[in-house]
Student: 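Questions regarding the structure given below will be posed in turn.
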Amino acid sequence: MVRNKMEDLNNILFEQLERLNDDSLNLDEELKRAKAISTVSDKLIQSADLQFRVMQLRADMTGDVKTPEVLEVKDVKKIESKDD
């Protein structure tokens, strides 16, 4: 079972952005941390993209649509249109 989702990665990236904006922290250390997070994030995004493309291909070929766990979103809320 996948514990982390792409939504979690998004949160981590925004947390790092906030740390980079914090003048009280050592910028050199935070830049090293940000580079490491960015490198790993890129690999995770590439993996998620591949999973999404496989899901699309499967859906096109079989009509079976099953979202990979890593791409699922927690607490999906209905977005109301302006016309409602």
Side-chain angles (χ1 to χ4, degrees):
M1 179 172 161
V2 176
R3 288 184 23 213
N4 296 311
K5 311 279 188 225
M6 294 306 290
E7 178 178 9
D8 299 318
L9 174 61
N10 193 50
N11 291 333
I12 290 167
L13 293 173
F14 276 108
E15 288 170 6
Q16 181 59 52
L17 184 60
E18 289 172 8
R19 281 194 302 271
L20 287 171
N21 200 34
D22 186 344
D23 293 335
S24 69
L25 298 176
N26 181 321
L27 186 58
D28 289 334
E29 288 181 22
E30 284 305 316
L31 286 174
K32 287 178 187 176
R33 181 194 313 261
K35 181 161 177 52
I37 289 172
S38 176
T39 300
V40 173
S41 297
D42 286 343
K43 298 299 180 189
L44 291 170
I45 291 166
Q46 290 172 7
S47 175
D49 181 59
L50 177 60
Q51 291 178 54
F52 179 74
R53 288 186 282 138
V54 167
M55 179 193 73
Q56 283 183 312
L57 182 60
R58 180 182 298 135
D60 290 346
M61 293 176 68
T62 68
D64 178 31
V65 178
K66 183 177 183 311
T67 304
E69 285 184 63
V70 73
L71 299 179
E72 291 178 354
V73 178
K74 304 175 206 165
D75 302 324
V76 176
K77 296 178 182 163
K78 181 182 175 187
I79 299 173
E80 295 182 23
S81 69
K82 292 179 182 180
D83 299 333
D84 287 347

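Just so you know, these numbers come straight off a predicted model, no measurement behind them. Position 1 is the first residue of the sequence, and the numbers go up from there.
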Student: When rounded to the nearest 0.5 angstrom, what is the spacing between CG in Leu44 and CD1 in Ile12?
Tutor: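 Reported to 0.5 Å precision, the distance equals 8.5 Å.
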Student: Who pairs with Asp22 by side-chain contact (heavy atoms from CB on, under 4.5 Å), at least two apart in sequence or on another chain?
Tutor: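 Asp22: side-chain contact (heavy atoms from CB on, under 4.5 Å) contacts with Ser24, Leu25.
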Student: Is there a side chain to side chain contact (heavy atoms under 4.5 Å, CB included) between Lys5 and Asn10? Walk through the geometry before answering.
Tutor: CA-CA 9 Å; Lys5 311 279 188 225; Asn10 193 50; over 6 Å; no
Student: Show which side-chain atoms of residues 29-39 pair as donor or acceptor with protein atoms under 3.5 Å away, not counting sequence neighbours.
Tutor:
residue : atom : partner : partner atom : Å
Glu30   : OE1  : Gln16   : NE2          : 3.1
Glu30   : OE1  : Arg19   : NE           : 3.3
Glu30   : OE1  : Arg33   : NE           : 3.3
Glu30   : OE2  : Arg33   : NE           : 3.4
Thr39   : OG1  : Lys35   : O            : 2.9

Student: Throw together a table of side-chain donor-acceptor distances under 3.5 angstrom for residues 50-61, partners on residues two or more places apart or in other chains.
Tutor:
residue : atom : partner : partner atom : Å
Gln51   : NE2  : Ser47   : OG           : 3.3
Arg53   : NE   : Asp49   : OD2          : 3.0
Arg53   : NH2  : Asp49   : OD2          : 3.3

Student: Determine, using the 4.5 Å side-chain heavy-atom cutoff (strictly less than), whether Leu13 and Leu20 are members of one ILVMFWY cluster.
Tutor: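 Different clusters: Leu13 never reaches Leu20 through Ile, Leu, Val, Met, Phe, Trp or Tyr contacts under 4.5 Å.
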Student: Members other than Phe14 in its cluster, when Ile, Leu, Val, Met, Phe, Trp, Tyr link by side-chain heavy atoms under 4.5 Å?
Tutor: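 Besides Phe14, the hydrophobic cluster comprises Leu17, listed by chain and residue number.
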